[in-house]
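Just below is one structure, and these are the notes that go with it.
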Amino acid sequence: MSINSGTSPDNFNESAQQKPRFWLTALIVLGILALLACLLLPAVRNARPAARRAQCGNNLKQIALALLSYERDYHALPPAYTVDAVGRPLHSWRTLILPYLEQRNLYETIDLSKAWDDPANAEACQTPLTMFHCPAADIPQNHTTYLASVATNGCFRLTEPRHLSEISDGMPETLMVIEVAPQQSVPWMAPTDADESLVMGLRPASKLAHNGGVNAAFCDGRVVFINANLPAAARRVVISISDGDHVADDNE
């Protein structure tokens, strides 16, 4: 009685032939995957800025709708900031619209009788809020690049409400909130916004959160991407609430 415990020559030869085939197939698959990665990488890189710009636009949309909800309840847009008895700035419009951004609990922790940077409001001031934070902007988590348009004849008044009936140029053509460069960011609770010179100073050479321009919300709730090379005359039109001029809807 004999027991064959080894491998037959035929089986050994077949196994030896299969090993090179396996490695050759594996190398071909890896080569294909590497090629696909090289082809897809530029698309992925391009998609990331587009996705951040879209999320930024969504943030501004939320803010615009919150402002319009505030207006519905109070029959006017909020002032750019509130003041104390001697006229010192206390709180930004961003604080005033928190209940309309599903942040009522945070709003109720804020002492509105004390300044935004008072120690009593320190914890709230350090709270990061995603709707105030552009994902493309490299800024502190509690900062924002979304500033209201505050001008002599602009959408927001400094310390008084603005009635929408005063916007005779039409809400679709009146700038409400604009995105500024990261280096111009402010704490979201700060009573600081965009004056006319800031909006007029927008240039293609400016440091911008997005390639070629910025997002902006208008008084009808629309969010528009404004090219940095938009002519100065057109920018003056969208800043003003009642100059009687119109701008073509081809800014993107």
Side-chain angles (χ1 to χ4, degrees), residues 49-50 52-54 56-68 71 77-81 92-94 132 134 136-137 139 143-186 188 190-252:
R52 289 193 289 263
R53 171 178 154 180
C56 176
N58 289 337
N59 290 346
L60 275 169
K61 185 71 173 180
Q62 290 184 62
I63 292 169
L65 293 178
L67 282 164
L68 293 176
E71 189 278 335
L77 294 174
Y81 54 80
S92 165
W93 60 271
R94 286 177 290 269
F132 288 146
C134 171
I139 57 177
H143 274 221
T144 186
T145 52
Y146 305 142
L147 307 187
S149 174
V150 180
T152 303
N153 200 33
C155 180
F156 280 78
R157 288 182 172 141
L158 285 178
T159 62
E160 297 178 6
R162 169 73 75 190
H163 295 281
L164 293 184
S165 59
E166 300 173 58
I167 304 175
S168 61
D169 282 350
M171 294 196 296
E173 295 190 4
T174 303
L175 179 66
M176 183 159 58
V177 180
I178 191 167
E179 180 184 20
V180 298
Q183 66 268 26
Q184 295 167 318
S185 72
V186 299
W188 66 262
T192 305
D193 286 289
D195 59 14
E196 183 174 350
S197 64
L198 193 153
V199 179
M200 295 303 297
L202 184 66
R203 297 287 185 274
S206 303
K207 185 177 180 182
L208 307 168
H210 309 289
N211 185 29
V214 297
N215 285 312
F218 284 70
C219 287
D220 62 344
R222 288 185 312 136
V223 174
V224 174
F225 187 75
I226 297 181
N227 285 325
N229 60 2
L230 183 70
R235 274 176 278 164
R236 285 196 179 90
V237 169
V238 298
I239 291 172
S240 175
I241 65 170
S242 60
D243 65 359
D245 290 330
H246 299 279
V247 62
D249 193 15
D250 57 357
N251 300 327
E252 294 193 35

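The shown structure was predicted, so the numbers you read here are calculated from the model rather than taken from an experiment.
- Shown here are the ring-ring contact (aromatic ring centres under 6.0 Å, His included) partners of Phe132, two or more places apart in sequence or in another chain: Trp188.
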For the pair Ile239 and Met200, evaluate side-chain contact (heavy atoms from CB on, under 4.5 Å) and give the outcome as yes or no after the intermediate values. CA-CA 9 Å; Ile239 291 172; Met200 295 303 297; 3.9 Å; yes

Run the numbers on Cys155 and Leu175 for side-chain contact (heavy atoms from CB on, under 4.5 Å), then give the verdict. CA-CA 7 Å; Cys155 180; Leu175 179 66; over 6 Å; no

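- Residues Cys56 and Tyr146 are in side-chain contact: their nearest non-hydrogen atoms beyond the backbone lie under 4.5 Å apart.
- Taken to the nearest 0.5 Å, the OG1 atom of Thr144 stands 6.0 Å off from the CD1 atom of Ile139.
- Judged as a side-chain contact (heavy atoms from CB on, under 4.5 Å), and not counting sequence neighbours, the contacts of Ala181 are Gln183, Gln184.
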Run the side-chain contact (heavy atoms from CB on, under 4.5 Å) test on Ile241 and Asp169 for me, step by step, so that the C-alpha distance in whole Å, both residues' side-chain angles and the decisive distance to 0.1 Å come before the verdict. CA-CA 6 Å; Ile241 65 170; Asp169 282 350; 5.7 Å; no

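- Nearest approach of Arg52 to Ala136, heavy atoms of both residues: CD-CA, 3.7 Å.
- Interatomic distance, Ile167 CD1 to Asn153 CG, rounded to the nearest 0.5 Å: 10.0 Å.
- In this structure Pro204 satisfies the side-chain contact (heavy atoms from CB on, under 4.5 Å) test together with Ala228, Asn229, sequence neighbours excluded.
- Leu230 has its side chain out of reach of Leu202: every pair of non-hydrogen atoms, C-beta onward, lies at least 4.5 Å apart.
- Each salt bridge (Lys or Arg N to Asp or Glu O under 4.0 Å) pair with one or both residues in residues 224-241, not counting sequence neighbours, would appear here, but there are none.
- With sequence neighbours left out, Tyr81 forms a ring-ring contact (aromatic ring centres under 6.0 Å, His included) with no residue at all.
- Partners of Ser185 according to the side-chain hydrogen bond (donor to acceptor under 3.5 Å, both in side chains) rule, which considers only residues two or more places apart in sequence or in another chain, are His143.
- Looking at heavy atoms from C-beta onward, Val214 lies out of side-chain contact with Val180 at the 4.5 angstrom threshold.
- With rounding to the nearest 0.5 angstrom, the CE atom of Met171 is 13.0 Å from the CZ atom of Phe218.
- Of the inter-residue distances, the one linking Leu60 atom CG with Phe225 atom CZ reads 11.5 Å to the nearest 0.5 angstrom.
- Contact of the Pro78 side chain with the Leu67 side chain is registered, since non-hydrogen atoms from C-beta on lie closer than 4.5 Å.
- Residues Thr145 and Cys134 come closest through the heavy atom pair OG1-CB, 3.9 Å.
- Of all the heavy atoms in Val150 and Ala80, the pair that sits closest is CG2-CB, 3.9 Å.
- For Leu147 against Ala194, the heavy-atom pair with the smallest separation is CB-N, 3.6 Å.
- Residues satisfying the side-chain contact (heavy atoms from CB on, under 4.5 Å) criterion with Thr192, sequence neighbours excluded, are Val186, Ala190.
- Taking Arg157 as the reference, Glu160, Arg162, Glu166 meet the side-chain contact (heavy atoms from CB on, under 4.5 Å) condition, with sequence neighbours excluded.
- Looking only at distances, no side-chain donor or acceptor of Ser206 sits under 3.5 Å from a matching main-chain atom of Leu208.
- Every pair passing salt bridge (Lys or Arg N to Asp or Glu O under 4.0 Å) that includes a residue from residues 192-201 is listed here, sequence neighbours excluded: Arg94-Asp193.
- Under the rule for a side-chain hydrogen bond (donor to acceptor under 3.5 Å, both in side chains), Asn215 has no partner lying at least two apart in sequence or in another chain.
- Residue pairs meeting the ring-ring contact (aromatic ring centres under 6.0 Å, His included) criterion with at least one partner in residues 151-178, sequence neighbours excluded, are Trp93-Phe156.
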